[in-house]
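For reference, the structure is listed below as structure tokens.
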Amino acid sequence: MTVSEISMTTAAPTVRTDAVDVADARPRIRPLRILGTVVLVLVAFGILTFLVTNERFEWPIVAEYLFNPSVLLGLLTSILLTAVAMVLGTSLGVVLAAGQLSDYWPARLACKAFVGFFRGVPPLVQLIFWFNLAYLLPRISVGVPFGPEFFSWSTNDLITPLTAAIIGLSLHEAAYMAEIIRAGILSVDQGQHDASAAMGFSRWHSFSRIVLPQAMRVIIPPTGSQVIATLKGTSLVSVIAMGDLLHAVQVIYNRTYDVVPMLIVAVIWYLVSVSILTVIQGKIEAHYSRGATRAAPKATGRAAAAGTSTDPVAPDAGQAGTAIDNRTKENQ
Amino acid sequence: MNGSQTGTARGTAGAALATPVLEVVGLRKQFGDHTALDGIDLTVNEGEVVAILGPSGSGKSTLVRCIDQLETIDGGAMYLDGDLLGFEQGRSLRPLTDAGVRAQRRRMSMVFQQFNLFPHWTVLRNVTEAPIAVHGVPSAQAKAAARDLLAKVGLSDKADAYPRQLSGGQQQRVAIARAVAVEPRVLLFDEPTSALDPELIDEVLQTMKALAATGRTMVVVTHEMEFAREVADRCVFMAEGRVIEDRPADEFFRAPETDRLRSFLARSMRANDERRG
């Protein structure tokens, strides 16, 4: 058959009678995956055996101390510190993010310097530094610079392990949150800024109602990681004798020498807290994904696809409005 | 609230009864070394529909963005109902405060090429937000008015949908309802159909045509020749940041004066035909 003969053919092509139906197909066999499954099961079994048979884990001691009051108090301290550091850090982070995006360059410079400094200094170093602030600054006073003082306190009275921990963790947190929030704001389309400006919304209204809610979708996932990092980071405050979870178990194993079982107690509580936070993060993400996808709540898509295969949007010009409305009714 | 003072000294050519709503005088705009607008003069009278045509890069979009003060300007002046836009004349001429600029923007509305609806709000909230939050319209009244407008653009059953659940044409009709909801003195359209699939263009043009028939003052940057010929009172042809011709629509298409416009019209008509199939 020549090319010209093919192109001349006008009759509808016949449907072949020996065609299979792929709906009857069975899954392909993948030997490597079977091997992989076997290996993973063996590894899991090995870990489990190690955990159960190794008597040095001393599980009875873990169970005995898991709900020990001083351990629970340490856990509560860690959680509260995380909450305070996140609230203060995020509030300051919003200001720093806005400052970095400002068209007023002194604000931009100051905010960038702040973020650069507090993101660059390790949190452990900051904690020890704030705890020893009295060496550098014996008294803290409120007043006009180079002028009269209104209030004044001894730094040693102000800086307790608690305040040093809050200041250190919050400032470190603020620097990271500033970057996360800045990235979120930049992810919002310029057209949204244009539209809200064109409508005459105030800066605060367009930031809080239009830009930030849309930025949240980008802000939430790294913030979730940040909360988890902060919760774990609270273990650093044990070096300045702040009674967090790690410090609580340390106090106990310094007395009983049950180092490993007590650390297991701490590990369990850290993992439980982090798991709960992960679930909460998922819920918040779902809340802010409103309107982010085309999927209407249930009952669309399939029905439309199964219906007609013609272009769903009516090209009928004159009656465009009503034609479109009819179409959407069909889909529902 | 649109403190329309009785005209300005600047009279418009011709019709003595026509009230100028928008006046642009010698407007200049630079982007770095590039001159985007090079002395634009344009007057739009009450109830007039002015189409702005021209090749891409001619400065049409920049012009409407400057009018809505989304871009700063480098020279010339713009007046809305006789009020200088973006600047105030005290002892010396200085830029207006942010609040002052916002107050002026509230007297205009813009429909964007990319719709720019707020995706996290329902259609209804998109339309009611500005009337309620900015213009102080009571919520119930704003909602009723918004439903009315949505019915007019043929989307009464979409009030509770989110923008991304709508087709491009539907989104743009919502954007038009949103723009009209604040009762603007002038409606600015920045290539409202350029981001749409060809089969969705007509529904938007029909909506705009209906709007024009209600006597709204409109400035429409567009590539739609048919629309300009049918709906616009005046057509303005721009090229390289200048106004080349500014004439009543029928003359504009029937008897273009410059070679540039003649060749532009020929090219555009062909392109429009091809695109529409």
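The chains referred to below are lettered A, B, ... by the order of the sequence lines, with proteins before strands, and numbering in each begins at 1.
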Between [X] (side chain) and [Y] (backbone), is there a donor-acceptor pair under 3.5 Å?
X      : Y      : answer
B:H120 : A:R209 : yes
A:Q192 : B:L117 : yes
B:R106 : A:G200 : yes

Provide the closest heavy-atom pair for [X] versus [Y] in the form atom of the first, atom of the second, distance.
X      : Y      : answer
B:L70  : A:D194 : CD2-O, 3.7 Å
B:M110 : A:A198 : CB-CB, 4.3 Å
A:F201 : B:A130 : CE2-CA, 3.7 Å
B:F112 : A:A195 : CE1-CA, 3.7 Å

Check whether any side-chain heavy atom of B:F118 sits under 4.5 Å from a side-chain heavy atom of A:S196, and report yes or no.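 The answer is yes; the side chains approach within 4.5 Å.
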Can you confirm whether A:R203 is buried at CZ, in the sense that more than 12 heavy atoms of other residues, nucleotides or ligands lie under 6.0 Å from that atom?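 No, because the 6.0 Å sphere around CZ of A:R203 holds 12 heavy atoms or fewer from other groups.
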Give a yes or no on this: more than 12 heavy atoms of other residues, nucleotides or ligands lie within 6.0 Å of atom CZ of B:F31.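 Atom CZ in B:F31 is packed in, count exceeds 12.
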Nearest 0.5 Å please: distance from the CE atom of A:M199 over to the CD atom of B:E129.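 Separation between the atoms: 9.0 Å.
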Non-neighbouring partners of A:H193 that pass ring pair (Phe, Tyr, Trp, His ring centres under 6.0 Å), sequence neighbours left out: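 Per chain and number, A:H193 pairs via ring pair (Phe, Tyr, Trp, His ring centres under 6.0 Å) with no residue.
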Go through the atoms of [X] and report whether side chain, backbone, both or neither lie under 4.5 Å from a heavy atom of chain A.
X      : result
B:L188 : neither
B:D197 : neither
B:R178 : both

Out of B:Q114, B:R105, B:Q69, return the one with the most heavy atom pairs under 4.5 angstrom to chain A.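 Maximum pair count with chain A is reached by B:R105.
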By salt bridge (Lys or Arg N to Asp or Glu O under 4.0 Å), which residues pair with B:D68, not counting sequence neighbours?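 B:D68 satisfies salt bridge (Lys or Arg N to Asp or Glu O under 4.0 Å) with no other residue.
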